[in-house]
Amino acid sequence: MLKTIGQALFSTTLQNPKFTPNEENKAPDYEVRTYQTTNWISTTLTGMEQQAAISTGFRRLFNYIQGNNHNKENVEMTAPVTCLVDPGAGPACETTFTVSFYIPEEHQAAPPLPSDPEVFLENRKEFTVFVRTYGGFTNMQKSREELLNLLESLQRDGARYKDMPYYVCGYDSPFKLVNRRNEVWILQKTEP
């Protein structure tokens, strides 16, 4: 338990999902990654505030990795914490946020089932994303700025992408003060 809490607080040696970088489509201000099919533990919330949704979602998922699952088994903390953001239809509409932790390799084949009915296992099929990485502490405004910068770059390069939904991702604990890593991901549009 102390190891998991230490990893969550200080973001050291956290396992990440495997991906293949696409060197052919490399740009100076973003990268292209293809993630393998993997299992994630997730929870979905609706609301107007991204940070509040991520915070609530994180707590639910942290309880899962601390043993609030059918096996009563602790699961290692991983990174990134992803949040799929699916904006509502208008400016005053609620957004759907799906917050997720990657299930570590040792549990990929048979992840413990969640005990909390608001937490679910998600099998993400292989997918390709355009990724913009940025530092510092993030918030809704900063992630939105980085998203718009990425969209502008993709338009410049004629990339095929889905503008919604999109991901915001964090790799670090709030206690890590320097060398922070955040990302926004936009899904590549697949051929029909």
Side-chain angles (χ1 to χ4, degrees), residues 7 11-44 50 53-54 57-58 61 64-65 75-87 95-112 114 119-136 138 142-173 179-192:
Q7 287 176 329
S11 312
T12 57
T13 67
L14 297 180
Q15 205 177 120
N16 301 157
K18 292 184 174 111
F19 66 86
T20 304
N22 184 335
E23 297 298 328
E24 295 170 16
N25 294 339
K26 195 166 189 168
D29 50 353
Y30 65 90
E31 62 184 294
V32 183
R33 299 178 190 159
T34 299
Y35 283 88
Q36 300 173 1
T37 298
T38 48
N39 288 310
W40 296 67
I41 191 70
S42 301
T43 187
T44 299
Q50 178 178 301
I54 291 173
F58 183 93
L61 301 177
Y64 168 87
I65 68 171
V75 176
E76 294 287 327
M77 183 68 197
T78 59
V81 174
T82 67
C83 181
L84 180 67
V85 180
D86 194 0
T95 296
T96 301
F97 302 97
T98 301
V99 183
S100 305
F101 290 178
Y102 167 67
I103 300 281
E105 286 297 317
E106 58 271 19
H107 294 287
Q108 275 293 313
V119 174
F120 60 94
L121 289 174
E122 175 187 358
N123 182 261
R124 288 189 192 168
K125 302 299 180 199
E126 180 179 277
F127 64 100
T128 300
V129 286
F130 299 98
V131 179
R132 183 174 174 89
T133 303
Y134 60 99
T138 194
K142 180 68 174 163
S143 64
R144 183 80 180 142
E145 287 170 13
E146 295 297 336
L147 174 70
L148 293 174
N149 288 335
L150 178 54
L151 286 168
E152 190 175 288
S153 297
L154 296 176
Q155 289 168 356
R156 173 198 71 209
D157 295 345
R160 295 176 45 83
Y161 63 89
K162 297 180 192 178
D163 55 349
M164 289 186 232
Y166 61 91
Y167 286 92
V168 294
C169 307
Y171 286 79
D172 301 303
S173 149
N179 299 321
R180 298 181 59 78
R181 178 178 167 196
N182 308 290
E183 296 175 342
V184 288
W185 295 356
I186 295 178
L187 293 161
Q188 183 180 58
K189 192 176 273 187
T190 55
E191 299 299 323

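Along the sequence shown, the residues carry numbers beginning at 1.
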Residues which pass side chain to side chain contact (heavy atoms under 4.5 Å, CB included) with [X], listed by chain and number, not counting sequence neighbours:
| X | answer |
| --- | --- |
| Thr20 | none |
| Asn182 | Tyr134, Thr138 |
| Arg132 | Asp29, Glu146, Asn149, Leu150, Val184 |
| Lys18 | Gln36, Glu105 |

For [X], all residues meeting ring-ring contact (aromatic ring centres under 6.0 Å, His included), sequence neighbours excluded:
| X | result |
| --- | --- |
| Phe101 | Phe58 |
| Phe120 | none |
| Tyr102 | Trp40 |

Are [X] and [Y] side-chain neighbours, meaning at least one heavy-atom pair lies under 4.5 Å?
| X | Y | answer |
| --- | --- | --- |
| Val85 | Phe97 | yes |
| Leu187 | Tyr167 | yes |
| Gln50 | Arg144 | no |
| Val119 | Ile41 | yes |

Can you measure from [atom1] ([X]) to [atom2] ([Y]) and round to the nearest 0.5 angstrom?
| X | Y | atom1 | atom2 | result |
| --- | --- | --- | --- | --- |
| Asn39 | Ser100 | CG | OG | 11.5 Å |
| Asn16 | Cys169 | CG | SG | 11.0 Å |
| Thr133 | Trp185 | OG1 | CH2 | 10.0 Å |
| Ile65 | Thr78 | CD1 | OG1 | 7.0 Å |
| Thr98 | Asp86 | OG1 | CG | 8.0 Å |

Residues which pass side-chain hydrogen bond (donor to acceptor under 3.5 Å, both in side chains) with [X], listed by chain and number, not counting sequence neighbours:
| X | result |
| --- | --- |
| Thr96 | none |
| Tyr64 | none |
| Thr128 | Thr34 |
| Gln155 | Tyr161 |

Can you name the nearest heavy-atom pair linking [X] to [Y], along with the distance?
| X | Y | result |
| --- | --- | --- |
| Ala53 | Val99 | O-CG2, 3.9 Å |
| Asp157 | Ala27 | OD2-CB, 3.9 Å |
| His107 | Pro112 | ND1-CD, 4.0 Å |
| Leu121 | Pro114 | CG-CD, 4.1 Å |
| Pro104 | Glu76 | CG-O, 3.7 Å |
| Ala79 | Leu14 | CB-CD1, 3.8 Å |

Taking [X] for the side chain and [Y] for the main chain, is one N or O donor matched with an acceptor at less than 3.5 Å?
| X | Y | value |
| --- | --- | --- |
| Gln188 | Phe130 | no |
| Thr37 | Glu126 | yes |
| Arg33 | Phe127 | no |

| request: Begin with the C-alpha distance, continue with both residues' side-chain angles, and end with the deciding distance and a verdict on side chain to side chain contact (heavy atoms under 4.5 Å, CB included) for Tyr30 and Ile186. | output: CA-CA 11 Å; Tyr30 65 90; Ile186 295 178; over 6 Å; no

| In chain order, what residues pass the salt bridge (charged side-chain N to carboxylate O under 4.0 Å, His left out) check against Glu122, with sequence neighbours excluded? | Arg124

| request: For side chain to side chain contact (heavy atoms under 4.5 Å, CB included), just list the numbers for Ile103 and Thr38, CA-CA rounded to whole Å, side-chain angles, deciding distance to a tenth of an Å, and then say yes or no. | output: CA-CA 8 Å; Ile103 300 281; Thr38 48; over 6 Å; no

| said: Assess the residue pair Val168 and Ile54 against the criterion (side chain to side chain contact (heavy atoms under 4.5 Å, CB included)); give the C-alpha distance rounded to whole Å, side-chain angles, the decisive distance to 0.1 Å, and a yes or no. | reply: CA-CA 10 Å; Val168 294; Ile54 291 173; 4.1 Å; yes

